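Encoded as structure tokens, the structure appears first; notes follow it.
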Amino acid sequence: TYLYIAGKKFGIMKVNTRTETTYFARDGGSIGCAQIHPSKEYIAVGEKGDNPNIYIYEYPLMSVVKTLRRGTERSHMTMGFSASGAKLASVGYEPDYSLVIWDWANESIILKAKAFSQEVYAIGFSGYREDLLCTSGMAHIKFWKIAETFTGLKLKGSLGKFGQVELSDISCFAILADEKVVSGSENGNLLLWEGNFIKTVMRQSKEKACHSGQVNVVQIVRNKYLLTAGNDKYVRLWDLHTIDGLEADDSLCAYMQPLREIFIADTCNIVNAQLDYFDAGRI
């Protein structure tokens, strides 16, 4: 069973039975983004329009159980639940580019800040800590922490510094257990961030990047593997332990080979994916 969005509607497709149920935007606009709760019991749908809402649907009944208001002015572009499912983070489109942390069960805003001054493509919490998250998008990545201060909770953001590495749009990332971050890039390299600086630029060799073209999927699998995919239509599997121990040369480059790879199809690019079940021996 999978969830997709298309214009003014979103749908749920059951592959085995080839049945599909579609639902339309509730406020007359279109759908900006959607996200599945870790429990698989809820679906969050962010709409586009004037002061659009986020609706929380109970699955499989598909009745609206929560409505999140005043998160952005024009459009919800991306969002993600925390690992426990207690928090939801969303990012809006122009003009505000608002980053909002929600206590969605109580329909309330915990924190709100400006994510960036340009488009944000992705947002995600750490799978290991509820107070760490990242946003990334047009020519940037930003590292966020929910910090306790004397005046209450604050969102503290630190912009990634590319330094000597070519500036790149970043459409995907994964936060590791030790708080390092692996992100994709436009040129097919994988970037390992420590703090807000690039520690390592990962390639297969001096002549060959991890992918040919933009990397659109970076995902941790079973705390042992890193799964990546992109415009070259390849899905590749990497060893997380090897990534963390790579030694970079003077140009920050380090080299490794994937454990497995699979070519998807000549007719499609892999622009987004989320994996729930994975067998490393059968990819």
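Bear in mind the structure is a predicted one, so any value in this text is a computation, not a measurement. Counting begins at 1 with the first residue of the sequence.
No chain of hydrophobic side-chain contacts below 4.5 Å, direct or via other Ile, Leu, Val, Met, Phe, Trp or Tyr residues, connects Trp102 to Leu155. Under the 4.5 Å side-chain heavy-atom criterion for ILVMFWY residues, no single connected hydrophobic cluster contains both Tyr93 and Phe116. Under the 4.5 Å side-chain heavy-atom criterion for Ile, Leu, Val, Met, Phe, Trp and Tyr, Val218 and Leu237 are members of distinct hydrophobic clusters. Follow the hydrophobic side-chain contacts under 4.5 Å out from Val64 and you reach Ile31 in the same cluster. Using a 4.5 Å cut-off between side-chain heavy atoms of Ile, Leu, Val, Met, Phe, Trp and Tyr, with links allowed through other members, Leu153 and Leu99 fall into the same hydrophobic cluster.
The local environment of NZ in Lys145 is sparse, with at most 12 non-hydrogen atoms from other residues, nucleotides or ligands closer than 6.0 Å. By the 6.0 Å contact criterion, CG on Asp50 is open, its count of non-hydrogen atoms from other residues, nucleotides or ligands being 12 or less. No more than 12 heavy-atom neighbours from other residues, nucleotides or ligands sit within 6.0 angstrom of CD on Glu148. Within 6.0 Å of the CZ atom in Arg74, the count of heavy atoms belonging to other residues, nucleotides or ligands does not exceed 12. With a 6.0 Å radius and a threshold of 12 heavy atoms from other residues, nucleotides or ligands, Lys224 has its NZ atom at or below the threshold.
A donor-acceptor contact shorter than 3.5 Å is absent between the side chain of Gln118 and the backbone of Ala139. Distance alone, capped at 3.5 Å, places no donor-acceptor pair between the Asp27 side chain and the Gly29 backbone. Proximity of a side-chain donor or acceptor of Asn196 to a complementary backbone N or O of Leu159 within less than 3.5 Å is detected. Ser171 places no side-chain N or O within donor-acceptor distance of the main-chain N or O of Ala122, the cut-off being under 3.5 Å. A donor-acceptor contact shorter than 3.5 Å links the side chain of Gln35 to the backbone of Met79.
With a 4.5 Å cut-off on side-chain heavy atoms, Val182 and Leu192 count as touching. Taking the side chain as every heavy atom from C-beta outward, Glu179 and Ser126 never approach each other to under 4.5 Å. With contacts defined as side-chain heavy-atom distances shorter than 4.5 Å, the pair Ile12/Tyr57 does not qualify. Proximity of Arg236 to Cys210: side-chain heavy atoms (C-beta onward) are nowhere separated by under 4.5 Å. Between Ile101 and Ile109 there is no side-chain heavy-atom pair separated by less than 4.5 Å. The shortest side-chain heavy-atom distance between Ile43 and Met62 falls under the 4.5 Å cut-off. A heavy-atom distance below 4.5 Å is not found between the side chains of Val45 and Tyr23. Using a 4.5 Å heavy-atom threshold, the side chains of Gln204 and Gln257 count as touching.
Here the straight-line distance linking atom NZ of Lys8 with atom CD of Glu47 works out to 11.0 Å at 0.5 Å rounding. Atom CD1 of Ile264 and atom NZ of Lys233 lie 11.0 Å apart (nearest 0.5 Å). From Leu246, atom CG reaches atom OG1 of Thr200 across 6.0 Å, with rounding to the nearest 0.5 Å. Note that CE of Met13 and OG1 of Thr22 are 10.0 Å apart. Values are rounded to the nearest 0.5 Å. To the nearest 0.5 Å, the span separating CZ on Arg260 from CG on Asp239 amounts to 11.5 Å. A distance of 9.5 Å separates OG1 in Thr228 from CD in Glu261, rounded to the nearest 0.5 Å.
In the model, Arg69 has no side-chain atom that pairs as donor or acceptor with a side-chain atom of Asn53 under 3.5 Å. Ser98 and Asp96 are linked by a side-chain donor-acceptor pair at a separation below 3.5 angstrom, with hydrogens and angles left out of the test.
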Practice problem: Take Val221 and Leu226 through the side chain to side chain contact (heavy atoms under 4.5 Å, CB included) test and state the conclusion after the steps. | Solution: CA-CA 6 Å; Val221 179; Leu226 190 77; over 6 Å; no

Quiz item: Yes or no on side chain to side chain contact (heavy atoms under 4.5 Å, CB included) for Tyr121 and Asn216, after CA distance, side-chain angles and deciding distance?
Solution: CA-CA 10 Å; Tyr121 305 147; Asn216 295 318; over 6 Å; no

Exercise. Please step through side chain to side chain contact (heavy atoms under 4.5 Å, CB included) for the pair Glu186 and Glu166, ending with a clear verdict.
Key: CA-CA 10 Å; Glu186 288 180 272; Glu166 182 182 359; over 6 Å; no

Quiz item: Checking side chain to side chain contact (heavy atoms under 4.5 Å, CB included) for the pair Ser108/Asp103: CA distance, chi angles, key distance, verdict?
Solution: CA-CA 5 Å; Ser108 62; Asp103 175 359; 3.5 Å; yes

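Glu130 and Lys87 are joined by a salt bridge, as a carboxylate oxygen and a charged side-chain nitrogen come within less than 4.0 angstrom of each other.
Residues Ala229 and Val235 come closest through the heavy atom pair CB-CG2, 4.0 Å. Smallest separation of non-hydrogen atoms from Ala115 and Val91: CB-CG1, 4.1 Å. Ser75 and Lys48 make their closest contact through OG-CG, 3.0 Å (heavy atoms, listed as atom of the first residue, atom of the second, distance). In plain terms, the two heavy atoms of Ser82 and Pro38 that are nearest each other are O-CG, 3.5 Å. Counting all heavy atoms, side chain and backbone alike, Ile5 lies closest to Ala34 at CG2-CB, 3.8 Å. Lys142 and Lys114 make their closest contact through NZ-O, 4.1 Å (heavy atoms, listed as atom of the first residue, atom of the second, distance).
By the 4.5 Å side-chain criterion applied to Ile, Leu, Val, Met, Phe, Trp and Tyr, Leu252 is assigned to a cluster that also includes Ile141, Phe143, Phe162, Val165, Leu167, Ile170, Phe173, Ile175, Val181, Leu191, Trp193, Ile198, Val201.
Aromatic ring orientation, His37 versus Phe81: perpendicular (interplanar angle above 60°, classes split at 30° and 60°).
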